[in-house]
Participant: 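Quick one: this structure, given as structure tokens, is what I'll be asking you about.
Since the structure is predicted, the reported quantities are computational estimates derived from the model, not experimental observations. First listed ligand is number 1; within each ligand, the first listed atom is number 1.
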Amino acid sequence: MCVVEHADPAVGATRRPRVAMLGGTFDPVHLGHLRSAVELRMVLGLDRVHMIPAHVPPHRAAPGVSSAERLAMLRAGIGDTPGLHADDRELRREGPSYSADTLKSLREEYGAEARLVMVVGHDAFLKLADWHAPEALFDHAHVVVIARPDHAAPLPPALEELIAGREVSTPEALFETPRGRLLQLALPSRLAVSATAIRRWLQQGESVRYLLPEAVLSHIVRGELYRSG
Ligand code: ATP
């Protein structure tokens, strides 16, 4: 078990580890992902954010760039940012990269009392009821939904059913229990950056500067990734 538990002098008691998983294709990782991870850590007082590239994404077409390259870009993008961790656990598993399996392995690592959170952007949240074993997500973790510009839409009925009775309105209420609740958050910087737009601009030979870290851009240029033809 990973030992990040530490005493919180503010409450004079042992504080449970607070750990988040932010999964995605990261094709490529950009400032929307990275700034969200940093602000989540700040707003929720997280000890660590595991950023986990999907090896075989179950819910979308296979990315054109290999999982090893996507992981390398994620590592380059995170650099030495405190509390963010480029986690390769889905690359070490065969078959579709189900989040329920990933959360189970994080739960085993951090123990039953850790406050474990799965973070999704609002666009991903809208499809949550269609994921593999959606109830299991809440058996292992809380779900935190982050607002994304241009991604507001009504919730489908199956999602309403999945989340019924789970929603809380503050981080304190979320962390009363180790798992099973839902919190929707609007982080301070809601960056309208998407990997789809970055890939399109790269294919068109347009600049993507300032949308992703310099180190990620260098990796893309060196590897001649996302070029048309
Ligand atoms: P694509 O455009 O290829 O769908 P993406 O930019 O949405 O990619 P993903 O790797 O699919 O990136 O996203 C991983 C997770 O990060 C998802 O939960 C997604 O909602 C969230 N996310 C992506 N971009 C942002 C952003 N700009 N702000 C907040 N969350 C984001």
Side-chain angles (χ1 to χ4, degrees), residues 20-44 46 49-78 84-91 96-100 102-103 117-132 134 137 141-153 155 159 163 182-204 206 208 210-213 216-217 219-220 225-226:
M21 155 185 168
L22 174 57
T25 40
F26 301 119
D27 186 25
V29 66
H30 54 65
L31 295 186
H33 301 127
L34 291 163
R35 185 65 207 166
S36 296
V38 167
E39 290 184 1
L40 272 164
R41 190 161 175 255
M42 177 173 75
V43 169
L44 297 181
L46 300 171
V49 180
H50 290 253
M51 299 183 73
I52 310 184
H55 181 36
V56 184
H59 309 293
R60 59 191 293 164
V65 168
S66 73
S67 45
E69 287 277 24
R70 291 182 282 113
L71 175 67
M73 289 189 280
L74 181 60
R75 285 197 172 123
I78 290 177
L84 304 195
H85 173 53
D87 184 330
D88 68 354
R89 75 185 62 212
E90 292 191 354
L91 276 65
S97 307
Y98 293 128
S99 295
T102 308
L103 289 172
V117 165
M118 180 179 83
V119 180
V120 288
H122 197 261
D123 56 311
F125 175 59
L126 290 172
K127 299 178 198 143
L128 201 69
D130 302 328
W131 288 20
H132 173 75
L137 303 170
H142 297 304
V143 174
V144 168
V145 182
I146 46 182
R148 276 186 80 175
D150 310 325
H151 283 91
L155 306 191
L159 181 59
I163 65 172
L182 173 81
L183 177 68
Q184 307 210 45
L185 269 185
L187 293 171
S189 309
R190 291 182 289 286
L191 301 177
V193 182
S194 84
T196 302
I198 290 173
R199 290 194 301 273
R200 191 178 59 239
W201 282 322
L202 285 166
Q203 267 152 20
Q204 295 168 348
E206 299 290 352
V208 293
Y210 311 129
L211 295 176
L212 27 70
V216 177
L217 191 49
H219 191 104
I220 290 172
L225 306 178
Y226 305 111

Participant: Atoms of ligand 1 less than 4.0 Å from Asp123 heavy atoms?
Facilitator: 19 (C), 20 (O)

Participant: Of all the atoms in ligand 1, which lie at a distance below 4.0 Å from a heavy atom belonging to Ala124?
Facilitator: 18 (O)

Participant: Describe, in one word, how the ring planes of His33 and Phe26 are oriented to each other, choosing from parallel (under 30°), tilted (30 to 60°) and perpendicular (over 60°).
Facilitator: perpendicular

Participant: From the options Ala37, Gly32, Gly121, select the one whose nearest heavy atom is closest to atom 18 (O) of ligand 1.
Facilitator: Gly121

Participant: Return yes when Arg190 approaches ligand 1 closer than 4.0 angstrom through a heavy atom, no otherwise.
Facilitator: no

Participant: Can a non-hydrogen atom of Asp27 be found less than 4.0 Å from any atom of ligand 1?
Facilitator: no

Participant: Please determine, by modelled atom types, if His55 and Ser67 share a side-chain donor-acceptor pair under 3.5 angstrom.
Facilitator: yes

Participant: Quick one: which ligand 1 atoms are inside 4.0 Å of a heavy atom on Val120?
Facilitator: 18 (O)

Participant: Just distances here: any N/O of Phe26 and N/O of ligand 1 closer than 3.5 Å?
Facilitator: yes

Participant: Report yes if some heavy atom in the side chain of Phe125 is under 4.5 Å from a heavy atom in the side chain of Leu182; otherwise report no.
Facilitator: yes

Participant: Does even one non-hydrogen atom of Gly23 get within less than 4.0 Å of ligand 1?
Facilitator: yes

Participant: In the protein, which heavy atom is nearest to atom 12 (O) of ligand 1, and how far is it?
Facilitator: His33 NE2, 2.9 Å

